[in-house]
Novice: 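My questions all concern the structure below.
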Amino acid sequence: MNKKTKFNLLYSMIRMRMVEERISSEYSNQQMRCPVHLSVGQEAISSGICLNLKDKDQVFSAHRSHFHYLAKGGNLKQMISELFGKETGCAGGKGGSMHLIDIKAGLIAAVPIVGSTIPIGVGLAWANKLNRSNKVVVIFFGEGATEEGVFYESINFAALHNLPILFVCENNYYSVYSNIKNRQPTNRKISNVSKSMGVESYRMNGNKVEEIFTKTQKMIHSIRKNNKPILIELSTYRVLEHCGPNNDDHLNYRNKKELKRWLNNCPIEKYKEHLLKQKVLSNEELKKVYQKIDKEISQSFDFAKKSKFPKKDKLFKYIYAD
Amino acid sequence: MNKKTKFNLLYSMIRMRMVEERISSEYSNQQMRCPVHLSVGQEAISSGICLNLKDKDQVFSAHRSHFHYLAKGGNLKQMISELFGKETGCAGGKGGSMHLIDIKAGLIAAVPIVGSTIPIGVGLAWANKLNRSNKVVVIFFGEGATEEGVFYESINFAALHNLPILFVCENNYYSVYSNIKNRQPTNRKISNVSKSMGVESYRMNGNKVEEIFTKTQKMIHSIRKNNKPILIELSTYRVLEHCGPNNDDHLNYRNKKELKRWLNNCPIEKYKEHLLKQKVLSNEELKKVYQKIDKEISQSFDFAKKSKFPKKDKLFKYIYAD
Amino acid sequence: MQTKIKNKNRNINYAEAINEALLQSMKLDKKVVVMGLGVDDPKRIFGTTNNLFEVFGKDRVFDMPTSENAITGFAIGMSLGKFKPVLCHQRVEFALLTMDQIINQAAKWFYMNNGQMNVPIVIRLIIGRGWGQGPQHSQSLENLFAGIPGLKVVSPSSAYDAKGMLISSIADKDPVIFFEHRWLHSTYSQVPNKFYKIPIGKSKIAKKGKDVTIVSSSYMTIESMKASEILKNYYIDAEVVDLRTLRPLDVNPIIKSVNKTKKLLVVDNGWTQYGISSEVITKVTTHKNFDKNIIVSRVGIADTPIPSTRSLAKLCYPDCVDICMQISKILNKNFSGLSSRFKNYRASDTPNKYFTGPF
Amino acid sequence: MQTKIKNKNRNINYAEAINEALLQSMKLDKKVVVMGLGVDDPKRIFGTTNNLFEVFGKDRVFDMPTSENAITGFAIGMSLGKFKPVLCHQRVEFALLTMDQIINQAAKWFYMNNGQMNVPIVIRLIIGRGWGQGPQHSQSLENLFAGIPGLKVVSPSSAYDAKGMLISSIADKDPVIFFEHRWLHSTYSQVPNKFYKIPIGKSKIAKKGKDVTIVSSSYMTIESMKASEILKNYYIDAEVVDLRTLRPLDVNPIIKSVNKTKKLLVVDNGWTQYGISSEVITKVTTHKNFDKNIIVSRVGIADTPIPSTRSLAKLCYPDCVDICMQISKILNKNFSGLSSRFKNYRASDTPNKYFTGPF
Ligand SMILES: Cc1ncc(C[n+]2csc(CCOP(=O)(O)OP(=O)(O)O)c2C)c(N)n1
Ligand SMILES: Cc1ncc(C[n+]2csc(CCOP(=O)(O)OP(=O)(O)O)c2C)c(N)n1
Ligand SMILES: [Mg+2]
Ligand SMILES: [Mg+2]
């Protein structure tokens, strides 16, 4: 792997983290008045995967969508404006954090009904195959979404029709406050289920960005070439509360040891040290990275704050296209 | 296996077959005015399984419900009356063939929305477990039902909570006119999927009644003892049309060879010859069996025909219990 | 020349009209695809998908697994990839498995992405009735869809309208729920051979009249028309308005009609309470020009699950005689001998005398 | 003695009232169980399931996988095994995944087995609003359930009614859809400590009056009551009828009220078209004793998906000032300075000033 790629992976993760840290710190000003599901801790997955995608490839997300949006090249100003409910937002303020979209960048949709983008992504991949467009569709979802029946209906169809899709299950072991052991039998692996249903499937460490990048590079290549779906299940951890800007570990729903282990397993810190040691970048360059991103973020927040709210005439606009 | 059991298995299958043959021949009189899904060819499965059940055990079925009803001891007169739409029917005429029920016998429900009884059966098994009633719930469904998301949601929950259920998938390779290869990836086994989801699972020949009886006897014992679900997938074949009284092979939706192979593989004929050879019963006794069943069926049809239609005052009865 | 005349006057039935709309739309636009359980099977959805597989092949006509919820999602996704999917459920009830995809997703997609991507899909829902199909295969349920902003809901009552409205629905840029009543499939009307559109959102005066306004849709328009024939025997000249579209509801022709007749009977094709009739009547009575001398009234399907047995099921559905009886009430007139004289007009458990089950 | 007085006058909020109904029902009847995503988590469904897990343990309080469709089926099955399940979805929208189990199965079970097995389940559905929740977390959708025979649908507007009606719903032998509006959870009223029932199927005169009848339900009753206060400033004495139950609809008190006031405004808690208001108005205008001088009218939520941004979302919901404006129209009176004088009464995107997001 070349230095540039390594740098890009780190840069992507740091940028994501800093964007959400800013959202977190500004949220209490009560100007971003919409539910936000922050992904801090899960940076490696979307960074590692999306760097392998072409512009024309298409990504679907769900309620926890910021990183997928950013990794696929979604416009930051429009994202922050959307959180502020402004007309310059990526959905004109109509969607909020749970409905990010940047069609040009290939972030096709995010919706907060758990599991609901999965069949839609499959449908688009089907269209792509029929259109011979050689695009890959990537569908991100949590382990909670694999409890919805529509997940299986979708997997079955993708396998039946050999559709070019990468299914990405970010298993962070929690659905809201509920541990996976209260929702799925212990010792069973989601990737084994999908494999038994006819989809090539793998498990992976979700906090190791290089490994994710390298492995999914091959997979995406294979999907594009062979028109066959692959599913990957990645273990990871959400650091902040399920919904909202804060930390909620005072609620004690997560085992202290488990929490500590995962917090020590930060995908960014380890990788940063590694790259510094490997001299991929210097401490100085790193500082510049932070400064650059910080500036970009500040500009985006300024842009959002200065933008206008949509006016009354927009209320009934776009209910129908015809 | 003792002679009595062998005799009972054969008797059960012959009776089922004769009941449906009578329905088939009388249907054109247009007195049974409701959709009927006949199961001719699939006698071995419900006969083999239900002979192992206790009275208190509970069975759920779907649109193709006649055999499950009969095997669990459902009242024949009430079943035929239900098909005739009479007030003496097992559902007072309100349900028809697709809604058979005999609570006393333990046939709890049948509904024609594919897959919809599966979670309900799981819920009852859950109640049974909490009630420590030591009952086994058997849920019958076709391979088409395993394409519905609710099947997976149900399997997951049964495995998670270790519920005493026997899931029975009657894989007759068709959903209406659609071959399984158009709906599920080839080379994948439903029983492998359920196994990967955490439910002990087996495949079996669905036309060998003794094998079914013996194997499921052990399973039902184990379910009752260990409070754990088991799924079995049985290969079988529907002889008549999907819905209605006739044969529809002139429509050529089924491969001729396949059809011939299955028709030669009749679960009753082979077993009958076998028992005659084994001298479990004589030709004479067999003749008496036919006569006895024939009489029972004629009486049931007479009963149904003589019964009255429900009157107007029943229309708004039982919409609410309170 | 001869063909032209022949075509102009040709009678075809509703199922054939649907089929023609599909064939012609698929020929015209390569992006139109048809999907659903059984679309390519020997019965071809009551004949409505005849020949599609033969003409357009397996890349445009898709049988489906029994996965109703996902199927709508697939259709939405297909439409994002520039296809125009027409999907079909053989009973309205099966769509209850996919209400999330229809109501949360398809209906809101265009709005929630601020007009960047629309969802041009058609979902055909077939309403069952009769032959003992019972509680889970006989529901109408138009009201579950008609109340949802972002959906269009149509429900044509004649072969002519069915063809033109299906063509419009397929050409439409928004998700359209297309209701077909199973008992309409075998009804005939004159249908041009050519490709034509009937606009979504326009009701139709099915019969002109001056004494009473009957508003209905789908199969109930057949009964309403029969009722208007019966009423002639009593020197009552009824105007029949066929809604054709349930959302958006075209209320002006109704207002115009009731301002003339001063009497309104809405015949609901679904359950009586909380149905289409409630909205029609409310639109009329809250209209700014509402004339307070207008009498409004409705009949609909009895508010009960539909039982299987024909002795009870037939009591659920209002027929032309029931409609006349209701009109006798609002006109305060006695139609002597109504039920005995027109007893052959009463609905049974089959759409016509050739029907011998099972669906 | 003192406790008694204290209890009699104690103010608790709607969430606490729900919680009390659950605690007391579970204490009284061992067969009552509570299930749903998050019922035992730290937030306890906005506090409504507080202490249940601690008091009744893991055999009666169940967290669930994200499998909404199956969950209703499990509840039906549990009820066949003599349990009385109360299940909860944190947003109405999640119930769209389980409409087959609710409408095809639960609603018809008792009827289609001819009265042999009833299904006593309660499904709590929480209506979201505000704080930018947007199109998929702010729908009301009462009309999807109110039109279904076999279901009962309730929607109490005060803590007092919530407790009594939840107790009744749990004791009821039929499937009950229990709507809670998220903005009601923090509203207070006097609630007795004791176990009491408010009957399903009875509306309530929330305020007596003589000039105009306002009919509403759920959160809109709060706005209607505020409106009735504002109207006093203009010497208008409004009567407010709180529906409380949407199916079966209790129409007689409304008829009585409008016969007195001759003016009806129905304030819909859902979208304006094809909603609860349509049925209420139709019930009134088709009533056999309908006095033709009565003016009927309605307001409701704007017919659009609800946008996230507060600048547009607030335009969707009628508030007390909008209600007064509508009344000024039907009374043909000018309420001078209405919108400037009462601008502090206008609804915002939070239920109260203490609310700081995110849900
Ligand atoms: C159909 C549905 N059910 C429930 C919810 C409530 N909900 C919102 S996010 C969430 C957690 C889902 O967990 P997972 O898929 O693992 O994603 P994560 O939050 O861990 O990223 C739930 C249950 C919902 N939005 N949609
Ligand atoms: C939800 C739903 N979708 C579609 C149908 C139409 N349908 C009735 S029976 C049937 C076949 C189901 O196949 P399978 O489960 O294999 O049962 P089999 O008929 O082979 O016994 C279908 C698709 C239905 N009744 N319900
Ligand atoms: Mg998770
Ligand atoms: Mg089958």
Side-chain angles (χ1 to χ4, degrees), chain B residues 58 60 82 87 89-96 98-104 108-131 133 135 137 148-158 160-161 163 310 314-322, chain D residues 30-31 33 35 59-60 62-83 85 97-98 100-101 103-121 148-152 168-169 171-176 199-201 247-248:
Chain B
Q58 294 154 324
F60 284 82
E82 189 62 32
E87 62 173 7
C90 58
K94 282 178 172 165
M98 305 195 291
H99 292 279
L100 295 188
I101 178 173
D102 189 331
I103 298 179
K104 243 171 53 193
I108 304 301
V111 305
I113 305 294
V114 169
S116 288
T117 30
I118 301 176
I120 301 176
V122 170
L124 181 51
W126 189 20
N128 290 340
K129 187 177 175 187
L130 293 168
N131 285 335
S133 65
K135 294 176 187 170
V137 167
E148 292 286 359
V150 79
F151 167 70
Y152 301 89
E153 297 182 354
S154 302
I155 287 281
N156 178 50
F157 197 79
L160 177 68
H161 283 274
L163 301 180
K314 295 292 190 318
L315 180 60
F316 292 106
K317 208 164 175 185
Y318 302 129
I319 302 175
Y320 296 102
D322 246 349
Chain D
K30 283 202 175 115
K31 289 300 183 186
V33 294
M35 58 173 84
D59 272 4
R60 295 182 62 194
F62 307 98
D63 187 20
M64 283 279 163
T66 322
S67 309
E68 283 80 5
N69 192 17
I71 291 176
T72 311
F74 302 155
I76 296 173
M78 285 283 271
S79 82
L80 303 180
K82 303 295 175 213
F83 284 90
L97 286 155
T98 178
D100 166 51
Q101 289 293 330
I103 294 181
N104 287 333
Q105 310 306 335
K108 298 173 175 55
W109 201 265
F110 187 61
Y111 189 81
M112 69 199 183
N113 66 43
N114 203 30
Q116 298 179 70
M117 277 187 301
N118 58 313
V119 173
I121 65 175
I148 307 298
L151 296 180
K152 292 173 182 169
S168 292
S169 301
D172 200 275
K173 295 191 177 125
D174 298 305
V176 180
I200 294 175
R247 186 179 193 98

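Convention: sequence-line order gives letters A, B, ...; per-chain numbering from 1.
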Novice: Between B:N131 and D:G81 (side chain of the first, backbone of the second, donor and acceptor by atom type, cut-off under 3.5 Å), is there such a pair?
Specialist: yes
Novice: Any side-chain heavy atom of B:I108 within less than 4.5 Å of one from D:M117?
Specialist: yes
Novice: If you take all heavy atoms of D:Q101 and B:P119, which pair is closest and at what distance?
Specialist: NE2-CG, 3.5 Å
Novice: Contact part of B:K135 toward chain D, heavy-atom cut-off under 4.5 Å: side chain, backbone, both or neither?
Specialist: neither
Novice: Applying ring pair (Phe, Tyr, Trp, His ring centres under 6.0 Å), name anything that partners D:Y111, two or more places apart in sequence or on another chain.
Specialist: none
Novice: Search all heavy atoms of B:Y320 against all heavy atoms of D:I148 and return the closest pair with its distance.
Specialist: OH-O, 4.3 Å
Novice: Which bit of B:I101 comes within less than 4.5 Å of chain D, counting heavy atoms only: side chain, backbone, both or neither?
Specialist: side chain
Novice: Counting heavy-atom pairs under 4.5 Å with chain B, which one of D:N113, D:D172, D:N104 comes out on top?
Specialist: D:D172
Novice: Report the option among D:L151, D:V33, D:T98 that has the most heavy-atom pairs separated by less than 4.5 Å from atoms of chain B.
Specialist: D:L151
Novice: Looking only at heavy atoms, which two atoms of D:D174 and B:A321 are closest? And how far apart?
Specialist: OD1-N, 2.7 Å
Novice: Between D:Q116 (side chain) and B:C90 (backbone), is there a donor-acceptor pair under 3.5 Å?
Specialist: yes
Novice: Under the side-chain hydrogen bond (donor to acceptor under 3.5 Å, both in side chains) definition, can you give me all pairs with a residue in residues 110-129 of chain B, not counting sequence neighbours?
Specialist: B:Q58-B:N128, B:S116-D:D100
Novice: Would you please test D:K108 and B:V111 for side-chain contact (heavy atoms from CB on, under 4.5 Å) and show each step?
Specialist: CA-CA 11 Å; D:K108 298 173 175 55; B:V111 305; over 6 Å; no
